[in-house]
Amino acid sequence: MSRAFVTGIGGQDGTYLAERLLAEGVEVHALAHDIEPLPDLPGVELHRGDLTNVPDVRALLIDLAPDEVYNFAALSSVARSWAEPDLTARVNGMAAAALLESALLVQEKHGRAVRFVQASSAEIFGEPDRHPQDESTSLRPVNPYGAAKAYAHLMVDVYRRRDLHAVSAILYNHESPRRPEQFVTRKITATVAAIAQGRADSLALGNLDARRDWGWAPDYVDAMVRAARADSPNDYVIATGVAHSVRDFVAAAFARAGIDDWQDLVVVDPEFVRPVDPTELAGDATRARTLLGWEPTVGFEELVGRMVDADLAQESSSRPSR
Ligand code: GDP
């Protein structure tokens, strides 16, 4: 039986990955942050720790000697990275570098390959010089989150040159009903559901013109598992290739909830407008399609529909019965 080690298990991608690996019979070990509540993931062996504590995490990794390492732990919010740039650098950048070194140590000690997947981000491209972006697009991050992820991305290549099967999956925005509400998609679907059910009267957002390439999170997890197990390591853009504006997302969400006349329900609040924000990000996943046989299975309308439906169901089931 193979063994995987996952950081960031409690997040959207971590839970989908855990379910996927357990279903395959993989033994799943995960780092669970000291101060956060333990995620409810039956079958996963949780180890308390902090990714920025390099000696402890290294000792744990050497002890477990996993076959696959998935580094999903991160301060995952661009918005929060502006408030905590130094913590973002430590978690999203330096901790990834230390984990790569730990994986290499495991590989050298046990004399067998360790496969490492770094969850990178389209934010490493910042304001890109070409559309859509691919693996050869220049790194030009425009926020602390993107800069820290860019450092980790570069370190993956450094370790690949040392014969580690190290993969950087350059993930475009990927969403699901498990997305927390600090992200715009879930904020929209949760609020639209609340408006449809008479428990909210408006939706306050920032930049409605920002365009993002939104995909279905389990598809992106599938791409990362494929990349871990491919014959050779590489960087992969994982994206649908199609960008939509925040306004498009809002319109699709209201349509799904059966509300046609929504313009007056949306207000722009400067609190949610960012100091610098990439205007458009869309990825060209040709390499992943060609080398990994990967393709996205859920389109934009379906993605929005699934998220709105989940929020409508959740909010009705959590209402007190009369
Ligand atoms: P990100 O692309 O990883 O930062 O994911 P987000 O879901 O947080 O943001 C996606 C885009 O939505 C960005 O361009 C934001 O500026 C834009 N946006 C507009 N209004 C909001 C809002 O109220 N909350 C968030 N989180 N993003 C917003």
Side-chain angles (χ1 to χ4, degrees), residues 8 11-13 72-85 88 91-92 118-128 131-133 139-150 152-153 169-195 200-217 220 237-240 242-254 262-263 265-283 300 303-304 306-308 311:
Q12 168 187 259
D13 297 356
F72 290 4
L75 262 78
S76 62
S77 154
V78 172
R80 188 175 161 204
S81 82
W82 286 107
E84 296 180 274
T88 303
V91 177
N92 296 11
Q118 166 68 13
S120 189
S121 163
E123 291 285 341
I124 65 176
F125 298 135
E127 283 292 356
H131 291 279
Q133 300 82 51
L139 307 190
R140 298 182 162 180
V142 295
N143 53 53
Y145 174 92
K149 284 279 184 180
H153 173 80
I170 306 166
L171 307 173
Y172 282 63
N173 297 51
H174 47 291
E175 316 295 317
S176 76
R178 297 184 192 177
R179 208 43 157 157
E181 285 184 38
Q182 82 226 38
F183 291 90
V184 77
T185 53
R186 185 73 199 293
K187 177 177 174 180
I188 293 168
T189 62
T191 309
V192 165
I195 291 172
D201 47 25
S202 67
L203 170 59
L205 293 170
N207 180 10
L208 298 180
D209 296 316
R211 295 175 66 82
R212 291 289 181 276
D213 178 340
W214 282 294
W216 176 239
Y220 290 53
V237 161
I238 308 299
T240 71
V242 184
H244 292 271
S245 67
V246 172
R247 186 179 281 100
D248 293 339
F249 199 105
V250 169
F254 276 113
W262 54 267
Q263 303 285 350
L265 301 172
V266 176
V267 291
V268 172
D269 183 337
E271 187 197 332
F272 301 115
V273 178
R274 297 184 185 172
V276 189
D277 198 28
T279 45
E280 169 153 2
L281 289 169
F300 179 72
L303 165 63
V304 179
R306 288 185 188 189
M307 291 180 70
V308 171
D311 277 320

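Please read all numbers here as calculations on a predicted model, not as lab measurements. When a ligand or atom number is given, it counts from 1 through the structure's own listing order. One is the number of the first residue; the rest follow in order along the sequence.
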J.: Does any non-hydrogen side-chain atom of Asp311 lie less than 4.5 Å from one of Val192?
T.: no

J.: Can you tell me if Lys187 uses its side chain to pair, donor with acceptor, with the backbone of Leu203 under 3.5 Å?
T.: no

J.: If we only count heavy atoms from C-beta on, is the Ile188 to Met307 side-chain gap below 4.5 Å?
T.: no

J.: Please report which non-hydrogen protein atom sits nearest to atom 26 (N) of ligand 1, along with the residue it belongs to and the distance in Å to one decimal place.
T.: Gln182 O, 2.8 Å

J.: Under 4.0 Å from any heavy atom of Asn173, which atoms of ligand 1 are there?
T.: 1 (P), 2 (O), 3 (O), 5 (O)

J.: Among residues at least two apart in sequence or on other chains, which ones pass ring pair (Phe, Tyr, Trp, His ring centres under 6.0 Å) with Trp82?
T.: none

J.: Where is the tightest heavy-atom contact between Ser81 and Tyr145, given as atom of each residue plus distance?
T.: OG-N, 3.1 Å

J.: Do any N or O atoms from the side chain of Gln12 and from the backbone of His174 form a donor-acceptor pair under 3.5 angstrom?
T.: yes

J.: Please identify which atoms of ligand 1 are closer than 4.0 Å to at least one heavy atom of Val78.
T.: 3 (O), 4 (O)

J.: What atoms of ligand 1 come within less than 4.0 Å of a heavy atom belonging to Asn207?
T.: 19 (C), 20 (N)

J.: Between His244 and Trp214, which heavy-atom pair has the shortest distance, and what is it?
T.: O-CZ3, 3.2 Å

J.: State whether the shortest distance between N or O atoms of Trp214 and N or O atoms of ligand 1 falls below 3.5 angstrom.
T.: no

J.: Would you mind listing which atoms of ligand 1 come within a distance below 4.0 Å of any non-hydrogen atom of Asp277?
T.: 13 (C), 14 (O), 15 (C), 16 (O)

J.: For ligand 1, does Arg212 get within less than 4.0 Å through its side chain, its backbone, both, or neither, judged by non-hydrogen atoms?
T.: side chain

J.: What are the atoms of ligand 1, with element, lying closer than 4.0 Å to any heavy atom of Glu123?
T.: 2 (O)

J.: Should one rank Lys187, Arg179, Glu181 by closest heavy-atom distance to atom 22 (C) of ligand 1, which comes out on top?
T.: Lys187

J.: Please check if the side chain of Lys149 supplies one atom and the backbone of Ile170 the other of a donor-acceptor pair under 3.5 Å.
T.: no

J.: Geometry only, no angles: is Gly206 polar-contacting ligand 1 at N/O separations under 3.5 Å?
T.: yes

J.: Within the 4.0 Å heavy-atom shell around Ala210, which atoms of ligand 1 are there?
T.: 14 (O)

J.: Without placing hydrogens or testing angles, list every side-chain donor-acceptor pair under 3.5 Å for residues 272-280, not counting sequence neighbours.
T.:
unit_1, atom_1, unit_2, atom_2, d
Asp277, OD1, Arg212, NH2, 3.2
Glu280, OE1, Arg211, NE, 3.4

J.: Thr185 to ligand 1: N or O pair under 3.5 Å?
T.: no

J.: What protein heavy atom is closest to atom 9 (O) of ligand 1, reported as residue, atom name and distance in Å?
T.: Arg274 NH2, 3.5 Å

J.: For atom 17 (C) of ligand 1, which candidate among Asn143, Ile188, Val246 holds the nearest heavy atom?
T.: Val246

J.: Considering both backbone and side-chain atoms of Val184, is one of its nitrogen or oxygen atoms within less than 3.5 Å of a nitrogen or oxygen in ligand 1?
T.: yes

